[in-house]
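Values below: every heavy atom of this structure, side chains too, minus hydrogens, waters and symmetry copies. Just so you know, ligand 1 is whichever comes first in the structure, and atom 1 is the first atom listed for that ligand.
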Amino acid sequence: MEISLPLILLSTVVIMAMPLSFGVKGNQLSYNYYKNSCPNLESLVERELMSVFMTDIRAPSAFLRLMFHDCQVQGCDASILLDTIYATQSSEIASSGNFAIRNRETINDIKSVLEEECPGQVSCADIIVLAAKVSVSLSGGPSIQVPFGRKDSRTSSSKEADAKLPSPTVTVDEFLSIFKSKGMNIQESVAILGAHTLGVGHCLSIVGRLYNQNQQIGNNMNLGYETSLRLACPTVIPMTNLTFVPNDMTPTIFDNQYYRDIMMGRGLLGIDSSISRDPRTAPIVMRFAMDQSYFFENFSSAFVKLSASNVLTNIQGEVRRKCNQLN
Ligand code: HEM
Ligand SMILES: *[C@@H]1O[C@H](CO)[C@@H](O)[C@H](O)[C@H]1NC(C)=O
Ligand SMILES: *[C@@H]1O[C@H](CO)[C@@H](O)[C@H](O)[C@H]1NC(C)=O
């Protein structure tokens with residue numbers, strides 16, 4: 001697959017998201033949470049991630065999706081990192097909605113580095129958000145200021161992940177209601193899906209729209225694009241889960257190419273294609289396609305809202321010593 005473009009290692013765009021109040025009942029995230037307890041947190045994590053990105057060009061997209069899947073189920077609480085806790089109940093990662101989630105163990109590795117520098121201080125939930133933030137900026141996207149202070153969950157349930165993780169054929173109504181529940185307006189909802197400017201999708205995620213002609217969602221594909229997808233994914237039931245195709249034409253660069261692609265019938269997933277056509281979202285797609293800094297600004301405020309969804313603070317959770325298991 002054609003993902004050989006170099007990472008843009010310096011981003012000059014710095015965007016402060018609008019101040020917001022996070023959490024409820026006085027349990028708030030804070031922009032200087034680790035000021036005393038782990039002052040070098042951001043530079044430590046950035047250094048670790050740079051060396052990961054050198055050898056794994058797909059890692060930034062993996063971290064960005066990891067944050068969404070963590071925050072979407074029980075809130076941003078690192079519940080996605082837990083290995084199965086009870087013999088009777090499997091954890092989130094066992095859900096088919098978490099198909100192709102990668103790099104959970106890299107968060108464990110970063111955690112061990114942080115345990116040496118600032119033992120017992122930094123939650124796994126905050127590391128996930130920080131890894132996503134650094135992934136965006138090191139891929140050429142905005143440098144987003146995010147508040148910290150999330151605690152880690154003591155539970156994780158694959159059933160809840162089954163129920164909460166959206167399928168690629170989700171309708172625009174369902175898509176909008178997911179992000180509205182996180183306090184996003186329609187612009188921010190369209191902006192957060194711009195995360196699909198990074199990374200890939202596997203055949204499993206697109207054969208439904210490639211081969212089911214009854215499905216309305218499958219329409220509107222550029223003919224040449226559809227042909228190339230059918231070549232990459234030739235069977236209705238994929239023979240392997242190893243084949244993937246890029247999410248947009250520049251899958252290692254965080255830019256507004258995704259919006260230009262979906263406007264031209266080159267949306268990979270059903271929902272990507274749907275937002276380019278729905279009368280509520282299409283004008284916003286066009287705006288983002290024409291104006292990258294407008295997209296970056298709206299993405300940044302959306303990212304901060306996503307990263308604050310249903311967080312646990314103070315005594316509502318713990319700081320795990322190892323991200324994949326309870327203390
Ligand atoms: C309704 C909302 C969404 C749906 C239905 C959806 C669905 C999907 C699907 C099916 C894939 C491909 C998985 C595969 O086959 O490998 C994917 C990839 C991805 N998604 Fe989403 N997504 C949504 C929202 C988001 C959000 C909000 C973010 C981040 C803020 C995000 C970030 C990503 C990234 C970065 C990838 C590429 C992952 C990689 O390359 O490993 N998505 N998404
Ligand atoms: C691909 O992954 C899906 C979802 O996890 C699974 O149901 C399917 O059996 C896998 N297919 C192959 C060929 O491994
Ligand atoms: C989107 O970006 C524009 C341009 O920077 C800004 O004026 C607007 O307030 C932003 N909207 C949201 C919801 O972030």
Side-chain angles (χ1 to χ4, degrees), residues 1 3 13 15 17-18 20 56-72 76 93-103 128-129 132-133 135-136 139 141-142 144 162 164-179 182-209 217 233 235 237-248 251-252 254 258 267-275 284 287-288 291-307 309:
M1 293 296 101
I3 32 180
V13 196
I15 289 164
M18 298 294 283
L20 290 160
D56 179 3
I57 197 159
R58 289 177 52 206
S61 64
F63 291 125
L64 187 52
R65 184 169 180 235
L66 186 67
M67 176 182 122
F68 171 51
H69 283 218
D70 184 34
C71 296
Q72 179 60 16
C76 313
I93 194 62
S95 167
S96 62
N98 279 322
F99 170 72
I101 282 284
R102 296 174 294 121
N103 287 58
I128 292 177
V129 169
K133 167 210 147 87
S135 295
V136 169
S139 302
I144 308 164
D162 291 342
K164 293 283 169 57
L165 292 170
S167 127
T169 55
V170 66
T171 65
V172 174
D173 280 332
E174 290 162 330
F175 155 74
L176 289 175
S177 80
I178 288 172
F179 295 105
K182 301 182 195 313
M184 294 185 204
N185 62 24
I186 187 161
Q187 254 148 299
E188 290 168 316
S189 304
V190 173
I192 200 70
L193 205 58
H196 288 171
T197 182
L198 288 183
V200 302
H202 288 75
C203 292
L204 189 66
S205 304
I206 58 169
V207 284
R209 67 186 298 234
I217 291 160
C233 305
T235 55
I237 297 167
M239 315 264 259
T240 78
N241 278 334
L242 300 175
T243 312
F244 54 81
V245 286
N247 274 343
D248 77 354
T252 61
F254 194 100
Y258 165 79
L268 184 63
L269 306 173
I271 186 63
D272 299 329
S273 177
S274 301
I275 63 161
I284 304 168
R287 181 100 207 234
F288 291 161
D291 187 346
Q292 178 161 279
S293 58
Y294 193 91
F295 162 51
F296 279 9
E297 193 137 336
N298 287 208
F299 181 83
S300 300
S301 71
F303 183 100
V304 172
K305 288 182 179 174
L306 177 62
S307 78
S309 32

Going by heavy atoms in the side chains, are [X] and [Y] under 4.5 Å from each other?
{"X": "Leu64", "Y": "Phe303", "result": "yes"}
{"X": "Asn247", "Y": "Tyr258", "result": "no"}
{"X": "Leu269", "Y": "Ser205", "result": "yes"}
{"X": "Asp248", "Y": "His196", "result": "no"}
{"X": "Pro166", "Y": "Phe175", "result": "no"}
{"X": "Thr252", "Y": "Pro60", "result": "no"}
{"X": "Lys182", "Y": "Gln72", "result": "yes"}
{"X": "Asn298", "Y": "Ile284", "result": "no"}

Protein contact of [atom] - nearest heavy atom, named by residue and atom, plus distance:
{"atom": "atom 13 (C) of ligand 2", "answer": "Met239 O, 3.6 Å"}
{"atom": "atom 41 (O) of ligand 1", "answer": "Arg102 NH2, 3.0 Å"}
{"atom": "atom 16 (O) of ligand 1", "answer": "His202 ND1, 2.6 Å"}
{"atom": "atom 5 (O) of ligand 2", "answer": "Phe99 CD1, 4.0 Å"}
{"atom": "atom 4 (C) of ligand 1", "answer": "Pro166 CG, 4.1 Å"}
{"atom": "atom 38 (C) of ligand 1", "answer": "Arg65 CD, 3.7 Å"}
{"atom": "atom 25 (C) of ligand 1", "answer": "Phe68 CD2, 3.4 Å"}
{"atom": "atom 7 (O) of ligand 3", "answer": "Tyr294 CE1, 4.8 Å"}
{"atom": "atom 9 (C) of ligand 1", "answer": "Leu269 CD1, 3.5 Å"}
{"atom": "atom 12 (C) of ligand 2", "answer": "Asn241 ND2, 3.4 Å"}
{"atom": "atom 15 (O) of ligand 1", "answer": "Ser205 OG, 2.5 Å"}

Numbering the atoms of ligand 1 from 1, which are under 4.0 Å from a heavy atom of [X]?
{"X": "Asn247", "answer": "36 (C), 37 (C)"}
{"X": "Ala100", "answer": "16 (O)"}
{"X": "Leu306", "answer": "30 (C)"}
{"X": "Pro168", "answer": "5 (C), 10 (C)"}
{"X": "Leu193", "answer": "2 (C), 3 (C), 23 (C), 24 (C)"}

### Task
Provide the number and element of each atom of ligand 3 under 4.0 Å from a heavy atom of Asn185.
13 (C)
### Polar proximity ligand 3 side, Ser301 side, N/O cut 3.5 Å exclusive
yes
Could you work out, for [atom], the closest of [options] by heavy-atom distance?
{"atom": "atom 11 (N) of ligand 3", "options": "Val190, Asn298, Asp291, Ile284", "answer": "Asn298"}
{"atom": "atom 29 (C) of ligand 1", "options": "Ala195, Gly97, Ser61, Cys71", "answer": "Ala195"}
{"atom": "atom 43 (N) of ligand 1", "options": "His196, His69, Lys182, Met67", "answer": "His196"}

Nearest-0.5 Å distance, [atom1] of residue [X] to [atom2] of residue [Y]:
{"X": "Lys305", "Y": "Ile192", "atom1": "NZ", "atom2": "CD1", "answer": "11.0 Å"}
{"X": "Arg65", "Y": "Asn98", "atom1": "CZ", "atom2": "CG", "answer": "7.0 Å"}
{"X": "Leu165", "Y": "His69", "atom1": "CG", "atom2": "NE2", "answer": "5.0 Å"}
{"X": "Ser309", "Y": "Met184", "atom1": "OG", "atom2": "CE", "answer": "7.0 Å"}

### N or O pair under 3.5 Å between Ile192 and ligand 1
no
### Query
Does Ser167, backbone or side chain, put an N or O under 3.5 Å from an N or O of ligand 1?
no
### Message
Please confirm whether Phe179 approaches ligand 1 to less than 4.0 Å, judged on its heavy atoms.
### Response
yes
### Message
Please determine whether any non-hydrogen atom of Leu198 lies less than 4.0 Å from an atom of ligand 1.
### Response
yes
### Query
Is atom 2 (O) of ligand 2 less than 4.0 angstrom from some protein heavy atom?
yes
### Message
As a test of the contact definition, would atom 9 (O) of ligand 3 count as having a protein heavy-atom neighbour under 4.0 Å?
### Response
no
### Task
Quick one: list whatever passes ring pair (Phe, Tyr, Trp, His ring centres under 6.0 Å) with Phe288, sequence neighbours left out.
Tyr259, Tyr294, Phe295
### Query
Who passes ring pair (Phe, Tyr, Trp, His ring centres under 6.0 Å) against Phe68, sequence neighbours left out?
Phe179
### Message
Once you restrict to heavy atoms under 4.0 Å, what part of Phe303 touches ligand 1? Side chain, backbone, both or neither.
### Response
neither
### Which of the ligand 2 atoms, numbered from 1, are nearer than 4.0 Å to a heavy atom of Leu204
2 (O), 3 (C), 4 (C)
Nearest non-hydrogen partners of [X] and [Y], listed with the distance:
{"X": "Gly183", "Y": "Glu188", "result": "O-OE1, 4.0 Å"}
{"X": "Asp162", "Y": "Ser95", "result": "OD1-OG, 2.6 Å"}
{"X": "Ile186", "Y": "Leu176", "result": "CG1-CD2, 3.8 Å"}

